[in-house]
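Some notes on the structure that comes next.
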Amino acid sequence: MFKKLAIVFVAVFCVLLAVPTMSPNAAKYFPSWIRPIPLGLDLKGGAQLLLEVDTDTMMREKSAQLYEDVRASLIDRDKGVIRFSNLRNVDGTVSFVVRDGADVSKAKGRLKSVLGTSVDIASDGNTIKLSYSDKQREELVADALARSIEIVRRRIDALGTKEPSIQTQGGKYILIQLPGVDNPEHIKELIGQTAKMTFHLVNENVTNEQMALGRAPAGTEFLPYMDDEDMGERMVPVYSRVEVSGESLKDSQADFDQNNMPVVSTVFDSTGARRFAKLTTEHVGERFAIVLDGKVLSAPVIREPIPGGRGQISGGFTLQQAKDLAVLLRSGALPAPLSVVEERTVGAGLGADTIAQGKIGSAVGVLFVLIFMVFFYRGFGVIADIVLLVNLAMIIGISALFGATLTLPGIAGIVLTLGMAVDANILPFERIRDEVRAGVPTLRAVDTGFHRSMKTVMDGNLTNLICSLILFQFGAGPIRGFAVTLSIGVITTLFTCLALSKVMIDWYMNGKNKKIGYIK
């Protein structure tokens with residue numbers, strides 16, 4: 001008896017999960033974790049973006065940073081300067097010549113302690129070469145893709161966009177679906193910016209002649225102001241060395257300064273706070289540049305030390321620009337640039353028409369199935385119809401519980417599942433009919449019919465489950481939506497047709513050999 005009650009409890013619980021979806025007005029009476037199943041892009045309308053992760057640019061930046069790290073390690077005065085020459089970066093390989101052969105092992109040891117196993121270090125005589133192996137490149141690309149997806153998700157969530165779908169596609173692409181968004185331009189702006197912020201000291205020794213000719217001294221680069229329409233008008237000579245990285249930012253918020261002008265307030269973590277305090281303490285009276293994606297936001301003079309790890313970024317922002325920049329910095333810098341390679345917009349009207357047509361088609365299909373089952377199986381057919389409707393509610397409820405999104409392919413998966421559920425009901429009923437024809441008492445025929453058909457039902461549905469799992473693993477986008485609903489449907493079909501249906505028939509029979517009314 002306990003087993004039967006547990007089966008009924010599970011069925012009722014899953015049906016209740018579907019109530020907010022079937023009747024949105026009833027959602028307010030349910031806990032917050034029981035929500036209506038969200039509609040996908042093809043049903044609700046919205047925007048779809050396909051972004052490409054520029055891993056080639058990322059690897060060039062990695063090589064450039066490796067060049068700077070090698071140079072800084074070799075001239076580290078605290079550990080002792082190692083004399084070298086011909087330091088260069090060619091096709092991603094950084095190489096240099098150690099002037100004293102006795103320092104080769106010392107140089108390799110120091111570089112290994114700084115860089116770890118992230119790069120391969122090889123030597124040929126006095127020449128040392130550093131490069132990324134194919135395996136290390138693959139790991140960097142995979143990590144960049146995973147981090148890009150997470151950062152894009154944080155940026156979109158910070159804008160209040162509901163139920164976004166963000167997933168990888170094809171190894172270096174990110175597919176973003178934004179239901180309910182009809183103007184993706186603002187979102188494209190935000191998610192496309194790398195938002196890599198760094199702090200550099202300004203090289204005040206650069207002459208006007210060098211600036212005019214565009215000849216930057218070694219270790220210096222000319223960067224434009226972000227608000228310049230003509231980038232050649234105002235350039236800032238900044239040292240290439242990064243004093244403080246934006247990766248040390250813990251928080252950023254749009255705020256107002258003493259003059260009631262929009263600014264971005266920043267808070268560094270403990271490491272960033274120490275570096276920022278050291279920078280502002282040792283260089284009072286000098287300028288430092290706040291650089292975002294290769295452009296200078298501002299280059300203020302350090303008036304006094306800033307030891308608390310808190311600062312403000314000003315740049316003549318509007319309030320919306322300050323909010324957008326705060327979102328970018330708070331979500332983190334993208335490890336590689338993103339570019340939009342495909343954009344698609346689905347109107348809400350098209351989605352509404354699809355839903356209306358889908359409702360009509362589903363209702364007509366389910367109605368015909370219900371009539372068919374009652375006509376051919378009488379009382380047992382009524383039970384099968386109830387089980388079928390419970391199965392449908394369970395699919396919707398479980399999908400909503402796990403945060404799945406309902407799409408057109410998902411609806412196709414539900415329809416296919418209902419077809420398989422009808423078949424899973426018919427098999428035991430036909431077995432029962434054969435047993436009764438052979439003169440077996442009805443109660444025993446029911447037990448035998450379910451027992452003998454169980455293996456067939458299990459085999460058919462488990463085969464479908466394996467196929468749906470393979471589709472989910474190797475498919476993308478709509479194929480995955482179809483696979484999710486089909487997988488959930490297989491599990492609910494096995495539960496309702498083999499467990500719930502048997503319990504309801506047992507209660508209907510009530511321990512008596514009743515005529516079941518459909519034997520011919």
Side-chain angles (χ1 to χ4, degrees), residues 4-44 162-163 165 179-180 351-352 354-370 373 382-422 424-425 461 464-465 468 472 478 480-504:
K4 293 180 179 180
L5 289 175
I7 291 172
V8 173
F9 173 79
V10 171
V12 171
F13 175 75
C14 292
V15 169
L16 289 175
L17 292 177
V19 171
T21 299
M22 307 300 290
S23 177
N25 293 330
K28 58 185 177 182
Y29 301 109
F30 286 79
S32 59
W33 52 273
I34 302 180
R35 306 309 325 158
I37 187 169
L39 300 180
L41 186 69
D42 48 3
L43 297 178
K44 191 175 181 179
K162 295 182 179 179
E163 291 101 26
S165 172
T354 303
I355 294 174
Q357 294 172 1
K359 284 181 178 179
I360 295 172
S362 300
V364 171
V366 170
L367 180 62
F368 272 101
V369 169
L370 297 180
M373 294 300 290
V382 174
I383 293 175
D385 288 347
I386 295 173
V387 169
L388 190 66
L389 295 175
V390 170
N391 189 12
L392 174 61
M394 288 183 69
I395 295 172
I396 295 173
I398 294 174
S399 298
L401 181 65
F402 286 113
T405 300
L406 186 61
T407 61
L408 278 176
I411 293 176
I414 293 176
V415 173
L416 178 60
T417 299
L418 294 181
M420 294 188 300
V422 172
N425 273 295
N461 280 274
N464 284 324
L465 181 61
S468 61
F472 181 82
R480 280 196 164 192
F482 174 81
V484 168
T485 53
L486 184 59
S487 300
I488 295 174
V490 168
I491 296 171
T492 57
T493 296
L494 291 175
F495 173 80
T496 54
C497 295
L498 295 182
L500 183 62
S501 179
K502 179 65 165 57
V503 169
M504 294 184 68

Any side-chain heavy-atom pair of V10 and L500 under 4.5 Å: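 SC-SC contact between V10 and L500 ruled out.
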V369 and L418, any side-chain heavy atoms less than 4.5 Å apart: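 Contact flag for L418/V369 side chains = no.
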Nearest 0.5 angstrom please: [X] [atom1] to [Y] [atom2], how far?
| X | Y | atom1 | atom2 | answer |
| --- | --- | --- | --- | --- |
| I395 | T21 | CD1 | OG1 | 13.0 Å |
| N464 | M420 | CG | CE | 4.5 Å |
| D385 | L370 | CG | CG | 4.0 Å |
| F495 | S501 | CZ | OG | 11.5 Å |
| N461 | T417 | CG | OG1 | 9.0 Å |
| I398 | I491 | CD1 | CD1 | 7.5 Å |

Using the side chain to side chain contact (heavy atoms under 4.5 Å, CB included) definition, which of the options L494, I488, V490 pairs with L465?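 The residue from L494, I488, V490 that satisfies side chain to side chain contact (heavy atoms under 4.5 Å, CB included) with L465 turns out to be V490.
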So, using side chain to side chain contact (heavy atoms under 4.5 Å, CB included) as the criterion, who are the partners of [X] when residues are at least two apart?
| X | result |
| --- | --- |
| V503 | K4, I7, V8, W507 |
| L416 | F482, L486 |
| V15 | V390, A393 |
| I34 | L17, P20, F30, P31 |

Of the non-hydrogen atoms in C497 and N425, which two are nearest, and what is the gap between them?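 Shortest heavy-atom contact: SG-ND2, 3.4 Å.
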Between P36 and A400, what is the shortest heavy-atom contact and its length?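 What the structure gives for the nearest pair is C-CB, 4.4 Å.
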Worked verdict on I414 versus L406 for side-chain contact (heavy atoms from CB on, under 4.5 Å): CA-CA 10 Å; I414 293 176; L406 186 61; 4.1 Å; yes
Output every pair passing side-chain hydrogen bond (donor to acceptor under 3.5 Å, both in side chains) with a member in residues 388-397, not counting sequence neighbours, ordered by first then second residue.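 Non-adjacent pairs meeting side-chain hydrogen bond (donor to acceptor under 3.5 Å, both in side chains): N391-T492, N391-T493.
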Among all residues two or more places apart in sequence or in another chain, which pass the side-chain hydrogen bond (donor to acceptor under 3.5 Å, both in side chains) test with S468?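 Listed in chain order: S487.
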